[in-house]
There are 2 protein chains.
Amino acid sequence: MGYQLELRHFNYFLAVAEELHFRRAAEKLFISQPGLSRQIKQMEEILEVKLFVRTKKKVSLTAAGEYLKSEIEFILNHLEVTKKQLRHIRDGNFGEVRIGFLGSAMQEVIPNLLIELKERFPGIQTNLEELSNNAQVNAILKDKLDMGFVRVARVPQGLNLQPVYTDTFSVVLPELYPLLTREFTDVGQLAAENFILFAQDYSPLYFDTVMSICEDAGFTPKVSHKSVHAQTIFKLVENNLGIAIIPTSLQYGFQMKVKFIELKNNPQRAVLSVCWKEDNRNPALRHCINLLLNQSL
Amino acid sequence: MGYQLELRHFNYFLAVAEELHFRRAAEKLFISQPGLSRQIKQMEEILEVKLFVRTKKKVSLTAAGEYLKSEIEFILNHLEVTKKQLRHIRDGNFGEVRIGFLGSAMQEVIPNLLIELKERFPGIQTNLEELSNNAQVNAILKDKLDMGFVRVARVPQGLNLQPVYTDTFSVVLPELYPLLTREFTDVGQLAAENFILFAQDYSPLYFDTVMSICEDAGFTPKVSHKSVHAQTIFKLVENNLGIAIIPTSLQYGFQMKVKFIELKNNPQRAVLSVCWKEDNRNPALRHCINLLLNQSL
DNA sequence: ACACCTAATAACTATGGGTTATCAATTGGA
DNA sequence: TCCAATTGATAACCCATAGTTATTAGGTGT
């Protein structure tokens, strides 16, 4: 009766919610199955809510259980982050910022941010992870990342989005492609070529924007290859397997037999934005965001 | 050693952090002072961080303790909110109902349901999808839909079916068709016309019912066109490509050069039923069904 | 009818949270 | 300077309960 919810319950609950099987979950937790059953039952009594439906032979989550699962994941994750921050504070550091990014952000924006950070807040640790747009947004929602560098038009409720870097697009051609930069007038000249693009589900906004560039030139591109790495795209172009359209700043840092023609006159721009959760309580994040938004003016 | 952080620690910690006095904090928690001291000490060992500075005669928070206090307040508060939400979900006030429907249900039944739902259970989200009878029944069997608005005579084992709206049929004629409403006696007058009907596999019951209306009038209709959209049917009638027989309530909401003659005296009725899976446990669904069956009496 | 799963129940064990009693250290008056 | 008062920490004990083993009851598939 006078029982109290404890973190132990959370871990037990998660194990069962993941395995949907009491014995296996108990094994994973290194406790016995009856003990686990009893704790889950107790948890349901404390919360006064059925969390699992047990038919002999199958266990499944109720709607409430489903909800609780995501909340507990959030809380336990938050707790882990807090523990880490505590150590940082004890050691006199200011904390850690976990940053997600698209490969293309590594050219300019991230190096600048890291240099500035190191100078102004030497105590802030950074933790970098290359992820797709979608993976970043999801990770930020779940507080697995503090901020992400993405190319998206909009983000779900609760997230902030601020442009930090705007870029023209460039056409990527094999070095020996028979078209000189000065002969180039518009993308329509390339309508017959095969196009190599970043995968649509890696960056829908990029994909749509490239499509609109082609549409403006009056054709629909034949897309022969898709990739998620600039390196791969350049390699394919180098080997005459097609041509590409990419954000201009991506051209730097590679050693390839390709040439670039910047689409200066096209109105489309590749916008890199920083994304973070409105109610993120990581104090180090604030410093990062401020740095980014001020320096980019 | 192998100790584990628990929510109990959080409450104890908060009490001490607020009182800055072990004995008073212990009183507030209805436990003894030594017990509290030991738990706090244990907590510091688990986290490997000093949280309080105890000089005899004064207790104060360390920087880490200060930070932890705000984080714990956040977590405990979040937990309270979550508990409250759980109850709501259990009671069916939250969650989502996935509803399938025939176009003809959009005239009356669905708008009414949505209005009522919004009023009585504002937390329930709905997800609407227009599908054929068959597609709905299959989706419900596979738990892809919670409920569907269908026109069928029977449903497979395990599904429930309840009429929610009963309707006469109406003949649809081109606006300038040479037959005035008051001259109309029965469908037999139209035996020579081409008929435009909803596709048989879209709604077998509808199809059979229309056939029986014609049979009763002593003829078998020539069916020239079939469609799944009322809009299309009206358009075809408007252009003198045939006449139609439809559930009466479908006539509302369109702007077409057609006229309707209600078959008041025919015994056939177009019955719209709601269909759902017997063992569907979505609590929000129960509310929907109850609402529907009570209001439709 | 059978073996073989499942989760729940029952009865027991023992960890560790909470207890009381006490100590050591600090403070403040007389 | 000494004593009373008050602080949090220690020590030793107790018992509530998390976790144990053994078993049962209910399903499923052959």
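What you see is a predicted model; the values in this text were computed from it and never measured. Numbers restart at 1 for each chain; the letters A, B, ... are given by sequence-line order, proteins then strands.
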Who passes side-chain contact (heavy atoms from CB on, under 4.5 Å) against A:Ala199, sequence neighbours left out? A:Asp201, A:Tyr202, A:Lys226, A:Val228
Quickly work out the B:Gln4 CD to C:dT15 C1' distance and round it to whole Å. 15 Å
Just the rounded figure in Å: distance from C1' of C:dT9 to CZ of A:Arg54. 14 Å
Within residues 30-39 of chain A, find the residues that approach DNA chain D with a heavy atom at under 4.0 Å, and present them sorted by residue number. A:Phe30, A:Ile31, A:Ser32, A:Pro34, A:Gly35, A:Arg38, A:Gln39
Hits for salt bridge (Lys or Arg N to Asp or Glu O under 4.0 Å) against B:Arg120, two or more places apart or cross-chain, chain-then-number order -> B:Glu116
Spacing of B:Glu27 atom CD relative to D:dG8 atom P, expressed in whole Å: 11 Å
What side chain to side chain donor-acceptor pair (under 3.5 Å) pairs are there with at least one residue in residues 132-144 of chain A, not counting sequence neighbours? A:Asn133-A:Ser203
Can you find a side chain N or O atom of A:Lys41 that sits less than 4.0 Å from OP1 or OP2 on C:dT9? yes
To the nearest Å, how far apart are A:Lys28 NZ and D:dG19 C1'? 19 Å
Closer than 4.0 angstrom, basic N to acidic O: yes or no for B:Glu44 and B:Arg54? yes
Check the distance between D:dT6's P and B:Arg24's CZ and give it to me in whole angstrom. 12 Å
Sequence neighbours left out, what passes side chain to side chain donor-acceptor pair (under 3.5 Å) with A:Glu66? Give chain and number order. none
May I have the step-by-step check of salt bridge (Lys or Arg N to Asp or Glu O under 4.0 Å) for A:Arg286 and A:Glu278, ending in yes or no? CA-CA 11 Å; A:Arg286 298 286 145 199; A:Glu278 240 159 47; over 6 Å; no
Taking only residues two or more places apart in sequence or in another chain, which ones pass salt bridge (Lys or Arg N to Asp or Glu O under 4.0 Å) with B:Glu73? B:Lys69
Under-4.0 Å side-chain N/O to phosphate OP1/OP2 contact, A:Gln42 with D:dT17: no
Using ring pair (Phe, Tyr, Trp, His ring centres under 6.0 Å) as the criterion, list what pairs up with A:Tyr12, not counting sequence neighbours. none
Could you check how far NZ of B:Lys58 sits from C1' of C:dT26, rounded to whole Å? 13 Å
For B:Ile46 and C:dG16, what is the distance between atoms CD1 and C1' respectively, to the nearest whole Å? 12 Å
In residues 5-23 of chain A, which ones come under 4.0 Å of DNA chain D, going by heavy atoms? A:Arg8, A:Tyr12
Contacts under 3.5 angstrom, residues 149-163 of chain B side chains, donor-acceptor by atom type, not counting sequence neighbours:
| from | atom 1 | to | atom 2 | distance (Å) |
| --- | --- | --- | --- | --- |
| B:Arg151 | NE | B:Ser104 | OG | 3.3 |
| B:Arg151 | NH2 | B:Ser104 | OG | 3.1 |

